[in-house]
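As structure tokens, the structure follows; a few thoughts come after it.
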Amino acid sequence: MAIAQEGVVKSISSGAFNKRYRLLSPSSTVAATKALFEKDFVTSDNGQYRVYDRFLAIWLRERNA
């Protein structure tokens, strides 16, 4: 949901990103992102992460609004 809210995330393990979305720790965020990446929910282009399916990203943003 945090990646969908941001649209594009440059530093998934930054303290600011983790604090903004109240995530447990940077290492947990990296592990979760890796799992989402392997299942093709998240994609990475030039070190920037985004939700692969645009409709899923829109749904996640609206669900969290």
Side-chain angles (χ1 to χ4, degrees):
M1 286 186 178
I3 295 171
Q5 286 292 359
E6 290 283 315
V8 175
V9 179
K10 291 183 181 181
S11 182
I12 205 85
S13 63
S14 74
F17 178 76
N18 282 273
K19 187 175 180 179
R20 184 177 314 123
Y21 292 102
R22 297 182 182 142
L23 303 172
L24 295 176
S25 69
S27 61
S28 297
T29 304
V30 170
T33 303
K34 182 178 177 185
L36 292 170
F37 186 75
E38 290 172 355
K39 294 175 183 169
D40 291 328
F41 284 111
V42 172
T43 187
S44 174
D45 296 319
N46 298 323
Q48 297 180 340
Y49 296 90
R50 70 180 81 229
V51 176
Y52 181 75
D53 184 337
R54 294 196 187 271
F55 293 111
L56 177 61
I58 292 168
W59 182 78
L60 288 169
R61 276 194 300 266
E62 289 178 358
R63 183 175 183 261
N64 215 19

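Heavy-atom basis, side chains included; hydrogens, waters and symmetry copies ignored. From a predicted model like this one, the values you see are computed outputs, not experimental measurements.
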Determine whether a donor-acceptor pair (N or O, by modelled atom type, separation under 3.5 Å) exists between the side chain of R50 and the backbone of V8.
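No, R50 side chain to V8 backbone: no donor-acceptor pair under 3.5 Å.
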
Does the S28 side chain pair with the main chain of L24, one donor and one acceptor, at a distance under 3.5 Å?
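No; zero donor-acceptor contacts below 3.5 Å.
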
Work out which heavy atom in [X] is nearest to a heavy atom in [Y]; give both atom names and the distance.
X	Y	value
V51	I3	N-CG2, 3.8 Å
F37	S44	CE1-N, 3.7 Å
A4	A57	CB-O, 3.8 Å

Would you give the length of the straight line joining atom [atom1] of [X] to atom [atom2] of [Y], rounded to the nearest 0.5 angstrom?
X	Y	atom1	atom2	result
T43	L36	OG1	CG	12.0 Å
Q5	F17	CD	CZ	10.0 Å
S14	R20	OG	CZ	7.0 Å
S11	N18	OG	CG	8.5 Å
I12	E6	CD1	CD	9.0 Å

Tell me whether Y52 at atom OH has more than 12 heavy atoms from other residues, nucleotides or ligands lying less than 6.0 Å away.
no

Crowded around F41 CZ? As in, over 12 foreign heavy atoms under 6.0 Å?
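It does not: F41 CZ has 12 such atoms or fewer within range.
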
Check the hydrophobic clustering (I, L, V, M, F, W, Y; side-chain heavy atoms under 4.5 Å; chains of links allowed) and say if I58 and V42 are grouped together.
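No, no single cluster joins them.
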
Do R61 and M1 make a side-chain contact, defined as non-hydrogen atoms from C-beta onward lying under 4.5 Å apart?
no

As a quick check of understanding, evaluate side-chain contact (heavy atoms from CB on, under 4.5 Å) for S13 and T29, giving each step before the final call.
CA-CA 6 Å; S13 63; T29 304; 5.9 Å; no

